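Accompanying notes for the structure given below.
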Amino acid sequence: MAAPKKGRSASAQSKPGRSLALILIAIVALTGGMFASGHKTPRLGIDLAGGTSITLKAKADQGSAINKANMDTAVDIMNRRVNGLGVSEAEVQTQGSDHIIVNIPKGTNSKEAQQQVGTTAKLYFRPVLASEPTGSAANPSPSASPSGSSSPSPSSSASSKEKASSSSSGSPTPTATATSQGRAVTDALKADATPSSSGSPSATSSPSPSASSSGGTAEATKLQAQYAALDCSKPAQRANAGKGAKPGEATVACGENKKIWYKYLLGPAAVDGTEVKKAQAVIDTQGAAGWQVQMTFTSSGSKKFANITAELAKNQPPQNEFGIVLDGQVVSSPFVQTAISGGTAEISGSFTQQEAQSLANMLSYGALPLSFKEETVTTVTAALGGEQLHAGLIAGAIGLALVVIYLIAYYRGLSIVAMASLLVSAILTYVIMSLLGPAINFALNLPAVCGAIVAIGITADSFIVYFERIRDEIREGRSLRPAVERAWPRARRTILVSDFVSFLAAAVLFIVTVGKVQGFAFTLGLTTVLDVVVVFFFTKPLMTLLARRKFFANGHKWSGLDPKSLGAKPPLRRTRRPAGPAAGSVDPKEA
């Protein structure tokens, strides 16, 4: 059983060049990917590169009190929103009792984050009673329902005529037909567009304005006048359209489609946005190429949505549409072909990935418990962070220099292996951090730099463990080549246990902390993993090759492996036991 083991060991020792070639190929491939991506430097956090700082003040105008619980809930929702946009290293924290500070690093979509971070996200599904373009695009004659792509960003308040369908529906998307834009608005108001069977309190049927009391007639007339006078191409009118409307009342709203603003006359809310359990952007595999938003409703929301879509499917355009109204603006107005049941629905159309993710993001993260007023938006300079980075780099350089001096003084020739390994680890760390910027929006902040500096000690510790194991074998009287191989199994176990403990600490720190401390934990965990890779694929194979060189194999006094300076015992020799009946007669010294 011993012979095959020696054969495998000899085979592994004879091909250390494979491991060195493998790690060289990995470095070249990662470096090539870094240059191909155009991101040659790591993405910096707000404390190093600057960014945008937004100050929001809470307002108790939604029936909720300004207290610690509501403020903490708002911070949590805002944090998920900005990270849902791909913003990493963003800071969301309270200041005082009624202020929230949001810091967004430079290089991210700070404009979109600014528009979404403090949005109250009051979402309703309302049936469309009438719609038409406004401004220069207005056409008094009957026109086709607009179709095509939409921009569901809350900032642009896009509207689209996509198909709303259940996830299992495979029917083709119908083409838009001519709408009855010439129909009088009063006819739309008289139409019972809100089904009585929807199950929603806000969607219960009510007498039509024409048949109701004089107060109801007055409200219908007032709403008709508002719709007729509304010009959504004007920002001032868009901001005030439908302002203060209650969920159970009909209202007017604006929405944009293909850079054309449309005005809408909407019925009472049939489904509340809080009844959307989950929303996500997915690729539209059944329809045309593009993205769609998939929604999952709660049990009550599923019933209400099935009832409203069943009623809308009986109507003619545009009264077979429902408007998704976010904070008083129509972000999408899909039409309904058939009743949608099952608790899952899709909004499909010519969405881009960014548009679909933006809409899904707002649908998923719900409403803030408080409304917020944007007080200040300032640009944060990186002057202070630059000084701190400069000081941190100087500290890191001093620490690295001290480590190198120690290695040269104590290990002499072996310091070449240690410094080469440190260089390979530094290259891998830099390249991977540069690639993680565009990949997962990783931002390098000051704590992350501290984590990289701490990693120098962790990496050097692994080399020292291996070197000391080799020296122990030489002290036992072995030559360098067998000492290198015999020392490796024991050193390997120690290195793996040590790095596992460091990685576990970094993982726990990353999970239980928030903000900048996560940058430290992430960098520490990354460099710990790279330490294992470098030791296994570079340090050990390089040491195997150097053991074949006379300078190290003969124990030169500057190699760091001189047997005399290490106090080595005489070389180990095996002696054959002499044949004889009396084993006790053998001289102990000779044995």
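On a predicted model such as this, the values are computed, not experimentally measured, just so you know.
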Can you pull the side chain to side chain donor-acceptor pair (under 3.5 Å) pairs that have at least one residue in residues 420-439, sequence neighbours excluded? Ser421-Thr539

With the side chain counted from C-beta on, respond yes when Val404 and Met419 share a heavy-atom pair under 4.5 Å apart, and no when they do not. yes

Starting at CZ of Phe522, measure out to CE of Met433 and round the result to the nearest 0.5 Å. 7.5 Å

Search all heavy atoms of Glu485 against all heavy atoms of Thr544 and return the closest pair with its distance. OE2-OG1, 3.4 Å

Are side-chain heavy atoms of Val417 and Phe467 found at a separation under 4.5 Å? yes

I'd like to check the ring-ring contact (aromatic ring centres under 6.0 Å, His included) partners of Phe536; sequence neighbours left out, ordered by chain and number. Trp488

Assess the residue pair Asp531 and Asp461 against the criterion (side chain to side chain contact (heavy atoms under 4.5 Å, CB included)); give the C-alpha distance rounded to whole Å, side-chain angles, the decisive distance to 0.1 Å, and a yes or no. CA-CA 10 Å; Asp531 174 50; Asp461 181 63; over 6 Å; no

Quick check: closest heavy atoms across Ala279 and Val293, and the distance to 0.1 Å? CB-CG1, 4.5 Å

Considering non-hydrogen atoms only, spot the tightest contact between Leu414 and Gly560 and give its length. CD1-O, 4.3 Å

Approximate separation, where rounding is to 0.5 Å, of Leu428 CG and Leu526 CG: 9.5 Å

Rounded to the nearest 0.5 Å, what separation is found between the CD atom of Gln93 and the CD1 atom of Ile101? 7.5 Å

Within the structure provided, determine whether Val484 and Tyr466 are in side-chain contact (heavy-atom separation under 4.5 Å). yes

CZ of Phe520: more than 12 outside heavy atoms within 6.0 angstrom? yes

Just wondering, do Val276 and Thr296 contact through their side chains at under 4.5 Å, heavy atoms? no

Is the number of heavy atoms from other residues, nucleotides or ligands under 6.0 Å of Arg549 CZ greater than 12? no

Which of parallel (below 30°), tilted (30 to 60°) and perpendicular (above 60°) describes Phe297 and Phe305? parallel

Sequence-distant partners of Phe538, ring-ring contact (aromatic ring centres under 6.0 Å, His included), two or more places apart: none

Is atom CZ of Phe552 surrounded by more than 12 heavy atoms (other residues, nucleotides or ligands) closer than 6.0 Å? yes

Is any side-chain heavy atom of Ile324 closer than 4.5 Å to a side-chain heavy atom of Val330? no

Min side-chain heavy-atom separation Leu545-Leu20 under 4.5 Å: yes

Should Glu374 and Lys57 be marked as a side chain to side chain contact (heavy atoms under 4.5 Å, CB included) after you check the CA-CA gap, both sets of side-chain angles, and the distance that decides it? CA-CA 6 Å; Glu374 191 177 275; Lys57 183 178 181 180; over 6 Å; no

Has the side chain of Ser498 got a donor or acceptor atom that lies under 3.5 Å from a matching backbone atom of Thr494? no

Any pair counted as side chain to side chain donor-acceptor pair (under 3.5 Å), so long as it reaches residues 407-419, sequence neighbours left out: Tyr411-Glu468

Val75 to Thr94 - nearest heavy-atom pair and separation: CG2-CG2, 3.5 Å

Residues at least two apart in sequence or cross-chain that pass salt bridge (Lys or Arg N to Asp or Glu O under 4.0 Å) with Asp72, listed by chain then number, are Lys68

Stepwise side chain to side chain contact (heavy atoms under 4.5 Å, CB included) check, Ile100 with Met71: CA-CA 8 Å; Ile100 290 180; Met71 292 292 288; 3.7 Å; yes

Who are the side chain to side chain donor-acceptor pair (under 3.5 Å) partners of Thr527, not counting sequence neighbours? none

How far apart are the C-alpha atoms of Tyr406 and Ile464, what are their side-chain angles, what is the distance that settles it, and do they pass the side chain to side chain contact (heavy atoms under 4.5 Å, CB included) test? CA-CA 11 Å; Tyr406 171 79; Ile464 291 173; 4.3 Å; yes

For residues Asp499 and Thr528, is any side-chain donor paired with an opposing acceptor at under 3.5 Å? no

Can you tell me how far apart CG (Leu524) and CZ (Phe510) are? Round to the nearest 0.5 Å. 12.5 Å

Is there side-chain contact between Phe463 and Val535, with at least one heavy-atom pair below 4.5 Å? yes

Minimum heavy-atom distance between Arg548 and Pro16, given as atom pair plus value: NH2-CD, 3.8 Å

Provide the closest heavy-atom pair for Phe442 versus Ala448 in the form atom of the first, atom of the second, distance. CZ-CB, 4.5 Å

What's the spacing between Arg492 CZ and Arg490 CZ if we round to 0.5 Å? 12.5 Å

If I take atom CZ from residue Phe335 and atom CD from residue Glu321, how far apart are they, to the nearest 0.5 angstrom? 8.0 Å

Counting neighbours of CZ on Phe500 that are heavy atoms of other residues, nucleotides or ligands and sit closer than 6.0 Å, is the number greater than 12? no

Contact check, side chains of Ile470 and Met543, non-hydrogen atoms, under 4.5 Å: yes

